[in-house]
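Take a look at the structure set out below.
Read the numbers this way: they start at 1 and go in the same order the structure lists the ligands and their atoms. FYI, the numbering just counts along the sequence from 1. Note that the structure is a prediction, hence the values are computed from the model and not measured.
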Amino acid sequence: MADDPLTAFDEKLAKANIYGQWTGEKLFRNTDGPQPAGEPCLWKWAEVRSLLDEAAEVMPESQTARRSLMFDNPGLPRGTTHTMAMGMQLIRPGETAWTHRHSIAALRFTIEGAANLYTVVDGEPYPMEDNDLVLTPGWTWHDHHNESDKPAIWLDVLDVPLMGALNQVFYESFGEDRQPLADESGAMTARLGTLRPAWEARPTARVAVRYPWKDAEAQLRRLAGADASPYDGVALEYVDPLTGGPTLPTLSCWLQWLKPGQELKPHRRTSSAVCFVIRGQGRTVIDGTEIDWGPRDGFCIPNWAWHHHMNTSASEEAVLFSVHDIPLLRALGLYREEPEDSLGTGAPPPVPGNIADRTREPAAEQNKEK
Ligand SMILES: [Fe+2]
Ligand SMILES: [Fe+2]
């Protein structure tokens with residue numbers, strides 16, 4: 001028994017599986033906000049590509065549903081950021097990644113695709129050509145088939161660490177390599193177009209599953225050069241056409257266009273991001289760490305880390321694909337964004353086109369007029 005009455009009391013509490021809040025919980029005493037989880041990291045395409053080729057040699061198709069190489073952040077127990085896992089996957093010509101489903105939401109961004117490479121989602125086949133985005137929302141049956149004559153590679157992003165932390169991981173195997181296609185089985189529930197049977201329950205899967213690159217690129221071309229956010233450049237968010245909301249309940253997908261020589265201003269967000277370089281050469285500075293990237297490299301931006309992108313080429317554009325856990329944070333009222341140049345000024349940040357402030361700015365303007 002300790003001499004000090006409070007220490008003795010603390011010991012007594014501990015025996016009752018109770019603690020006094022005064023004894024700890026550093027988490028709640030940190031008034032500086034979150035510490036960025038994990039480290040800024042880069043995965044170079046040349047290395048990953050050669051490891052994928054090696055995986056194709058040593059990892060037979062039959063051993064697992066997937067031949068995925070996942071990017072592990074050395075500063076985290078698991079995951080690329082604390083909420084997301086990013087990796088790259090290869091399937092050889094003629095191979096199938098068999099049917100399964102899970103509560104984890106996933107998306108694929110096609111790196112080396114083909115018209116006859118496709119993912120089946122709830123009975124509907126979706127082609128995966130270069131730079132197409134295909135979603136496999138949580139609990140949708142999915143399988144992948146490479147019926148082309150060359151290896152196919154895509155980027156995978158999943159909300160695995162988040163679902164793990166929430167202890168919400170369910171997994172089910174379909175038991176076959178291939179699920180029946182909706183047109184073959186006559187079950188039309190999976191028909192996820194803009195017309196669906198009125199007599200069936202509303203499908204749980206969202207309507208948008210595939211975002212073809214030709215549409216995305218056309219929109220990017222249309223807006224490239226626009227006077228957009230000084231922090232994000234010309235940033236486009238892939239949206240669910242039914243709701244206008246993000247691609248998945250937990251994840252939002254973006255394209256970012258940087259003109260030659262462009263350097264964005266530093267900011268930080270409570271969300272984390274994983275990024276993939278579609279084209280171009282550049283540098284991203286994350287809490288002082290410089291990440292020099294080129295085509296098809298992947299990197300991550302931990303939550304609440306100061307960062308800014310720059311296009312280091314004087315002549316070529318740069319295009320990034322990125323995934324953010326923003327919808328999750330928004331749903332909980334936790335999404336915040338802070339531009340570095342607003343620090344200490346006490347003024348609302350001047351962020352034209354900035355997504356965090358787009359909803360706030362009109363209200364602020366109205367108040368001024370009163
Ligand atoms: Fe899966
Ligand atoms: Fe950013």
Exercise. Using a cut-off of 6.0 Å, state whether more than 12 heavy atoms not belonging to E176 lie near its atom CD.
Key: no
[X] side chain to [Y] backbone, donor-acceptor under 3.5 Å:
X: D149; Y: P93; answer: no
X: T99; Y: D177; answer: yes
X: D122; Y: W141; answer: yes

Quiz item: With a cut-off of 2.8 Å, which protein N/O/S atoms are close to the Fe ion (ligand 2), if we only count those under it?
Solution: H267 NE2, H307 NE2
Exercise. First locate atom CG of D292, then atom CE of M310, and finally report the distance between them rounded to the nearest 0.5 Å.
Key: 8.5 Å
Exercise. Apply side-chain hydrogen bond (donor to acceptor under 3.5 Å, both in side chains) to D156 and W154, showing your working.
Key: CA-CA 6 Å; D156 287 303; W154 62 78; 3.0 Å; yes
Practice problem: Please work out which of the three classes, parallel, tilted or perpendicular, describes the rings of F321 and F109, given edges at 30° and 60°. | Solution: parallel
Exercise. Fit a plane to each ring of H267 and Y231, take the angle between them on a 0 to 90° scale, and name the class: parallel (under 30°), tilted (30 to 60°) or perpendicular (over 60°).
Key: parallel
Exercise. Return the set of protein N, O or S atoms whose distance to the Fe ion (ligand 1) is under 2.8 Å, each given as residue and atom.
Key: H100 NE2, H102 NE2, H142 NE2
Quiz item: Will you find, in the side chains of S252 and H324, an N or O donor that is under 3.5 Å from an N or O acceptor?
Solution: no
